[in-house]
Protein chains: 2
Amino acid sequence: MTRVMASGVFDLIHLGHISYLEQARSYGDELVVVIACDSTVRRKKHEPVNPDTVRARIVGCLKPVDSVVIGREGDIYDTVRELAPDVIVLGFDQKFREEDLERELSERGMGHIRVVRADECADDLNATRRLIAKIRGDS
Amino acid sequence: MTRVMASGVFDLIHLGHISYLEQARSYGDELVVVIACDSTVRRKKHEPVNPDTVRARIVGCLKPVDSVVIGREGDIYDTVRELAPDVIVLGFDQKFREEDLERELSERGMGHIRVVRADECADDLNATRRLIAKIRGDS
């Protein structure tokens, strides 16, 4: 049994999300997804359109996903320790570098966790910000 | 084996969609979803944010859904005849009245098809137009 962890905001589901989750699921038998909580989204990106509870419910309804957890603000490594994944799959545009994450995990006694990066979705024409721009009528 | 048919635009997936599809799936063993094609959406509602191919791919990734078909412009009854559902589940806000649809089906030799209406999702705070208004910053 290989448990895979993926993470993200997952506001307004687009093909890039689907591709990321399908790729993540392919690395194991069970995919758990950590949904960024609203306070984390506000701090790092922007006001979420959907609250974390709604984002979690929708992501949990996607076929590649076995379970969903809403992340806590603060130390991601506590969440990783609790979920105990065998593999962490980073989204193609997530800012962590694989080697940095592996080193941080190793320093916390979790050096056995494999870190891989998903490929960009070939037809990712619909990332959330572009969706929002389109809805707003920005050129 | 009871085949259920649901239909809609399914642009920007929200909890109302999820609730509708989960309810529809509960009426049988197999759920096929007809996605309104872009020309139909333009004629009836508004310009779709996502093209029909993308909407179909995302809906096909939802757990309650077994298969997805993009509708043709024109006679919905041709699509119903091809898909041969045992049950058609209408969304709570779809304009067809159950009795009108049953009569139309009956006149076309498909009177055996049961027509039911889904309940409104209790937490449907996120219908597409409200999502779009929120993104646009409308009050």
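Heavy atoms only: backbone and side chains are in, while hydrogens, waters and symmetry mates are out. Chain identifiers are assigned alphabetically (A, B, ...) following the order of the sequence lines, protein sequences preceding nucleic acid strands; residue numbering begins at 1 within each chain.
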Original post:
Can you hop from Val59(B) to Tyr20(A) via hydrophobic side chains spaced under 4.5 Å?
Top reply: yes
Original post:
Hey, any chance Val54(B) and Ile18(A) share a hydrophobic cluster, counting ILVMFWY side chains that come within less than 4.5 Å of each other, even indirectly?
Top reply: yes
Subject >> Distance in Å, Cys61(B) SG paired with Leu62(A) CG, rounded so as to fall on 0.5 Å steps >> reply: 5.0 Å
Original post:
If only atom types and distance count, is the side chain of Lys63(B) paired as donor or acceptor with the main-chain N or O of Val65(A) below 3.5 Å?
Top reply: yes
Subject >> Hphob cluster co-occupancy, Val115(A) + Phe96(A), side-chain heavy atoms under 4.5 angstrom >> reply: yes
Original post:
Which answer fits Glu47(B), side chain, backbone, both or neither, if we ask what part of it has an atom under 4.5 Å from a heavy atom of chain A?
Top reply: neither
**OP:** Measure the CD1-CG distance between Ile58(B) and Leu15(A) for me, rounded to the nearest 0.5 Å.
**Re:** 4.5 Å
**OP:** With rounding to the nearest 0.5 Å, note down the distance linking CG in Leu12(B) to CG in Leu12(A).
**Re:** 6.0 Å
Original post:
Taking a hydrophobic cluster as the set of Ile, Leu, Val, Met, Phe, Trp and Tyr residues connected by side-chain heavy atoms closer than 4.5 Å, whether directly or through intermediates, do Val32(A) and Phe10(A) fall within one such cluster?
Top reply: no
Original post:
Honestly curious: do Met110(B) and Val89(B) fall in one hydrophobic cluster under the side-chain, below-4.5 Å linking rule?
Top reply: no
